[in-house]
**Student:** 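Let me give you the structure first, and then I'll get to my questions.
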Amino acid sequence: MTYREDVKLFKALADQNRLQIIELLHDGEKCACVLLEELNIAQPTLSHHMKILVDAELVNYRKEGKWMHYSLRDDAKDYILKSLEKFI
């Protein structure tokens with residue numbers, strides 16, 4: 001992992017809404033509609049946060065009909081810890 005990738009990851013984790021999204025996805029895949037209800041945010045705001053999480057390679061997505069479905073990557077915990085271990 002490069003410093004640039006580390007920065008993307010740390011920035012993705014440095015937001016309350018994104019941390020809540022990660023927590024919600026911990027239990028499994030969720031439709032964007034469910035995330036919108038749980039977070040009480042607007043759809044464009046959710047899309048912004050999900051793009052950051054996807055770009056940081058923490059979240060996977062798939063489209064079904066008009067809705068996006070999101071899930072944590074299988075090794076998200078290990079991915080985060082591996083990045084942190086370089087600095088502590």
Side-chain angles (χ1 to χ4, degrees):
M1 197 178 241
T2 66
Y3 287 124
R4 181 170 296 205
E5 292 166 328
D6 290 329
V7 168
K8 269 188 182 180
L9 173 62
F10 297 146
K11 282 185 178 182
L13 296 172
D15 180 87
Q16 179 179 341
N17 285 319
R18 291 191 291 270
L19 288 177
Q20 278 186 279
I21 291 167
I22 290 169
E23 184 178 21
L24 289 167
L25 295 177
H26 187 265
D27 295 332
E29 183 181 79
K30 300 271 187 304
C31 174
C33 57
V34 171
L35 295 173
L36 287 169
E37 288 177 18
E38 292 286 332
L39 298 169
N40 196 26
I41 59 175
Q43 190 278 326
T45 304
L46 177 64
S47 292
H48 167 76
H49 289 303
M50 297 314 297
K51 179 177 181 351
I52 291 169
L53 291 169
V54 168
D55 287 349
E57 299 181 15
L58 284 171
V59 171
N60 299 314
Y61 65 93
R62 66 180 180 85
K63 187 169 184 161
E64 186 175 301
K66 70 175 190 167
W67 290 107
M68 297 297 283
H69 294 260
Y70 297 99
S71 60
L72 283 180
R73 69 185 257 178
D74 292 336
D75 65 341
K77 182 178 178 180
D78 291 335
Y79 180 67
I80 293 167
L81 291 175
K82 182 178 177 184
S83 184
L84 278 174
E85 285 176 343
K86 292 191 301 189
F87 303 104
I88 55 173

**Student:** To the nearest 0.5 Å, tell me how far Leu25 CG sits from Arg18 CZ.
**Tutor:**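 Answer for the CG-CZ pair, Leu25 versus Arg18, is 13.5 Å.
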**Student:** Using the salt bridge (Lys or Arg N to Asp or Glu O under 4.0 Å) rule, collect all pairs that involve residues 28-48, keeping only residues at least two apart or in two chains.
**Tutor:**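 Every pair satisfying salt bridge (Lys or Arg N to Asp or Glu O under 4.0 Å) with a residue in residues 28-48: Glu29-Arg62.
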**Student:** Could you pull out all residues at least two apart from Lys51 that satisfy salt bridge (charged side-chain N to carboxylate O under 4.0 Å, His left out)?
**Tutor:** Asp55
**Student:** Quick one: pull up NE2 in His49 and CG in Leu35 and give me the separation to the nearest 0.5 Å.
**Tutor:**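 Result: 11.5 Å between the selected atoms.
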**Student:** Would you confirm whether Arg73, through its side chain, and Glu57, through its main-chain N or O, come within 3.5 Å as a donor-acceptor pair?
**Tutor:** yes
**Student:** Taking only residues two or more places apart in sequence, or in another chain, which ones meet Leu84 in a side chain to side chain contact (heavy atoms under 4.5 Å, CB included)?
**Tutor:** Phe10, Ile80
**Student:** Same cluster for Leu19 and Ile41 if Ile/Leu/Val/Met/Phe/Trp/Tyr side chains link at under 4.5 Å?
**Tutor:**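 Yes, it is one cluster - the side chains of Leu19 and Ile41 are joined through contacts under 4.5 Å.
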**Student:** Of all residues at least two apart in sequence or in a different chain, which pass the side chain to side chain contact (heavy atoms under 4.5 Å, CB included) check with Ala42?
**Tutor:** Pro44, Thr45
**Student:** Does atom CG of Asp75 have more than 12 heavy-atom neighbours from other groups under 6.0 Å away?
**Tutor:**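 For Asp75, atom CG is crowded (more than 12 foreign heavy atoms under 6.0 Å).
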**Student:** Using the test side-chain hydrogen bond (donor to acceptor under 3.5 Å, both in side chains), find all partners of Gln43 that sit at least two apart in sequence or belong to another chain.
**Tutor:** Ser47
**Student:** Please say whether more than 12 non-hydrogen atoms of neighbouring residues, nucleotides or ligands are located less than 6.0 Å from OH in Tyr3.
**Tutor:**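 No.
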**Student:** Take Tyr79 and Leu9, measure what side chain to side chain contact (heavy atoms under 4.5 Å, CB included) needs, and give me the verdict at the end.
**Tutor:** CA-CA 9 Å; Tyr79 180 67; Leu9 173 62; 4.0 Å; yes
**Student:** Just grab all the salt bridge (Lys or Arg N to Asp or Glu O under 4.0 Å) pairs involving residues 2-15, residues at least two apart or on different chains.
**Tutor:**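 Passing the test, one end in residues 2-15: Asp6-Lys86.
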**Student:** Would you kindly confirm whether Leu72 and Ile52 end up in one hydrophobic cluster when ILVMFWY residues are joined by side chain heavy atoms under 4.5 Å apart?
**Tutor:** no
**Student:** Assigning hydrophobic clusters by single linkage (Ile, Leu, Val, Met, Phe, Trp, Tyr; side-chain heavy-atom cutoff under 4.5 Å), is Leu36 placed with Tyr61?
**Tutor:** yes
**Student:** Report the distance from atom CG of Leu46 to atom CG of Asn17, rounding to the nearest 0.5 Å.
**Tutor:**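 Between atom CG of Leu46 and atom CG of Asn17 there are 9.0 Å.
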**Student:** Walk me through it: do Leu13 and Leu58 pass the test side chain to side chain contact (heavy atoms under 4.5 Å, CB included)?
**Tutor:** CA-CA 10 Å; Leu13 296 172; Leu58 284 171; 4.0 Å; yes
